[in-house]
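This one's a predicted model, so the numbers in the text were calculated from it and none came from an experiment. Both counts, for ligands and for their atoms, begin at 1 and track the order of listing.
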Amino acid sequence: MSAEYREMWEKLNLDLTAHDGLLTVLGKFYGDIYLSQDKRLKGMEYLDFVVSEVHGLRIKELQDAKARGQKVVGTFCIFVPEELTLAARAIQVGLCAGAEAGKEEAEKIVPRNTCALIKSFIGFKLARLCPFIESCDLIVGETTCDGKKKAYEVFKDYVNLYVMEVPQQKKKADRELFKAEVLAYKEKLEELTGNKITAESLKEAIKLVNRKRKVLQRLNALRAKVPTPISGRDVLLINQISFYDDPQRFCEKIEDLCQELEQKVKEKEGVVPENTPRLLLAGCPMAVPNWKLPYLVESSGAVVVGEESCIGTRNTRDLVDESKETLEEMIDALVDRYMRIDCACFTPNEERMENVLNLAKELKVDGVIQYSLLFCQPYQQESLKLGKFLEKNNIPVLNIETDYSMEDVEQLKTRVEAFVEMLEK
Ligand code: SF4
Ligand code: SF4
């Protein structure tokens, strides 16, 4: 990394020695998991470049935008409407929460039995490792699971935090509550940026965020082909990068990649042989750089063809209705779309059962791996019910509970290999 970046990181008050260590580990991890793959697509070069510059060029872009007066908003959950953030001419970034770095620091302010995702975002801040968090003018939390809710009560002492309330049910009153929260967030953004959100700016933002979802839908439709033309690891990475790359540029690059994939599909050129077991991962989001499970699956003779998670189809499945003209109508369209999210934090959450089953059928999977982070009560509880439902529908299921450590890799590999072997019979 150039001296210019070091100066920038210093200004952002990063712990430079620990940060150097993190980049070295990440670079090696990325090389082993990503660059070692066979039949890599040309279009993935852009993603490799983005990863290599994740704490460099992208942070510089954010700093340049801030120097021009734009604000940066960080989020942890797909309930925070990016459309509003963009309509206020701010930049939204999903904050990385997929590595163990800073865990010891985090455990000083949240209990040890907190999920790895929460400990990760706290750890990155306390250990001064994340230039994205340090670039944020505002961080938006949300009242989804109890772990996050209580963590925000202490996290607020370290960052400029705003918490949106997300209802836990989907009754009429819950929709009204969420609409009030969306309107309050709109006001908060207007106050932060000094920009009024207008029907025109919101319409433009709705189109842009929908475009991002549509390009990811197109990618998902292509990977659903048999044989699949792209590895699950690569698609997960694309989804992860969609949260912090410039949205316009991201759409253009992934559209190019889709064209390359269309050609591969036409030529029936798969990234793996046609009879490779196809798996769907369902459950907790895998935030960057959490690539452990997809790597284990794909080095055990199977291929991942879908992620039913917030860094996957839960985030891209539903679009916002683009036909509305007034601000009020557009806000309603946003609320309707966001209230369709089937996060396990909702009770009851019956629609998720059908959504997972339909996805498994569409993707022609041989099995589903339910993935829960240790201590994630919502997804662990729901996995029992969903597992039974899938098995009743003749879909084999494997339940995995893990965190970001590498200690259980051998044990997980044995379980995944046994599951894949069973599917091959
Ligand atoms: S799983 Fe739930 S809480 Fe987590 S990002 Fe998704 S919607 Fe938000
Ligand atoms: S993984 Fe589970 S416990 Fe952790 S933040 Fe998400 S919903 Fe909460």
Side-chain angles (χ1 to χ4, degrees), residues 74-82 92-100 103 106-107 110-125 139-155 161 163-170 174 178 181-182 185 213 236 239-240 242-244 281-288 290 292-293 307-318 334-335 337-349 351-352 355-356 370-384 386 399-405:
T75 61
F76 302 111
C77 172
I78 60 164
F79 259 102
V80 182
E82 188 178 1
Q92 183 163 311
V93 287
L95 294 169
C96 352
E100 258 202 323
K103 182 175 148 198
E107 286 178 355
V110 289
R112 284 190 67 209
N113 59 350
T114 299
C115 90
L117 191 143
I118 296 172
K119 277 195 255 183
S120 178
F121 71 69
I122 294 178
F124 269 107
K125 171 66 197 170
I139 291 184
V140 187
E142 48 0 275
T143 58
T144 41
C145 68
D146 288 352
K148 273 187 180 168
K149 270 184 267 194
K150 300 313 282 181
Y152 293 141
E153 289 176 18
V154 284
F155 196 50
L161 185 73
V163 179
M164 268 184 92
E165 174 136 16
V166 173
Q168 312 279 285
Q169 294 203 310
K170 292 191 177 170
D174 299 301
F178 188 60
E181 286 296 307
V182 167
Y185 179 50
R213 294 185 186 116
L236 174 65
N239 275 287
Q240 289 171 335
S242 73
F243 285 90
Y244 59 83
L281 304 184
C284 288
M286 289 177 183
V288 72
N290 177 10
K292 182 165 89 170
L293 187 59
E307 298 80 22
E308 186 274 335
S309 91
C310 289
I311 302 187
T313 50
R314 193 172 307 120
N315 184 38
T316 56
R317 185 186 57 221
D318 300 310
L334 275 184
V335 172
R337 186 263 168 204
Y338 279 83
M339 285 299 285
R340 284 205 291 274
I341 296 174
D342 54 357
C343 173
C345 296
F346 281 95
T347 180
N349 193 28
E351 64 261 47
R352 179 160 175 248
N355 286 338
V356 177
Q370 295 207 79
Y371 166 75
S372 315
L373 282 173
L374 277 172
F375 312 120
C376 170
Q377 228 177 21
Y379 282 93
Q380 281 183 0
Q381 294 239 359
E382 206 159 276
S383 71
L384 300 175
L386 179 57
N399 290 327
I400 298 275
E401 284 168 22
T402 184
D403 55 16
Y404 299 160
S405 80

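With contacts defined as side-chain heavy-atom distances shorter than 4.5 Å, the pair Y404/K292 does not qualify. Side-chain contact between N239 and N315 is absent, with no heavy atoms from C-beta onward closer than 4.5 Å.
Here the heavy atom of the protein found nearest to atom 6 (Fe) of ligand 1 is C310 SG, 2.2 Å. Annotation: atom 8 (Fe) of ligand 1 to nearest protein heavy atom, C77 SG, 2.3 Å. Scanning the protein for heavy atoms near atom 4 (Fe) of ligand 1, the closest one is K148 NZ, 4.0 Å.
Here the straight-line distance linking atom SG of C345 with atom NZ of K148 works out to 7.5 Å at 0.5 Å rounding. Rounding to the nearest 0.5 Å gives a distance of 9.0 Å between CD of E308 and CD of Q370.
Below 4.0 Å from some heavy atom of I118 lie the following atoms of ligand 2, by number and element: 5 (S). Close contacts between ligand 1 and T144 involve ligand atoms 3 (S) [criterion: under 4.0 Å to a heavy atom]. Interface atoms of ligand 1 facing Y379, defined by a heavy-atom separation under 4.0 Å, are 1 (S). Counting the atoms of ligand 2 from 1 in the order shown, those under 4.0 Å from a heavy atom of C145 are 3 (S), 5 (S), 7 (S), 8 (Fe). Counting atoms of ligand 2 from 1 in the listed order, those under 4.0 Å from a heavy atom of C115 are 1 (S), 3 (S), 4 (Fe), 5 (S).
Aromatic ring pairs are classed by plane angle as parallel below 30°, tilted from 30° to 60° and perpendicular above 60°; the pair Y338 and F79 is tilted.
For the pair E165 (side chain) and T143 (backbone), a donor-acceptor distance under 3.5 Å is absent.
Distances from atom 1 (S) of ligand 2 to the heavy atoms of A116, C376, C343 put C376 nearest.
Of the charged side-chain nitrogens involved, at least one lies within less than 4.0 Å of a carboxylate oxygen, so that R317 and D342 count as a salt-bridged pair.
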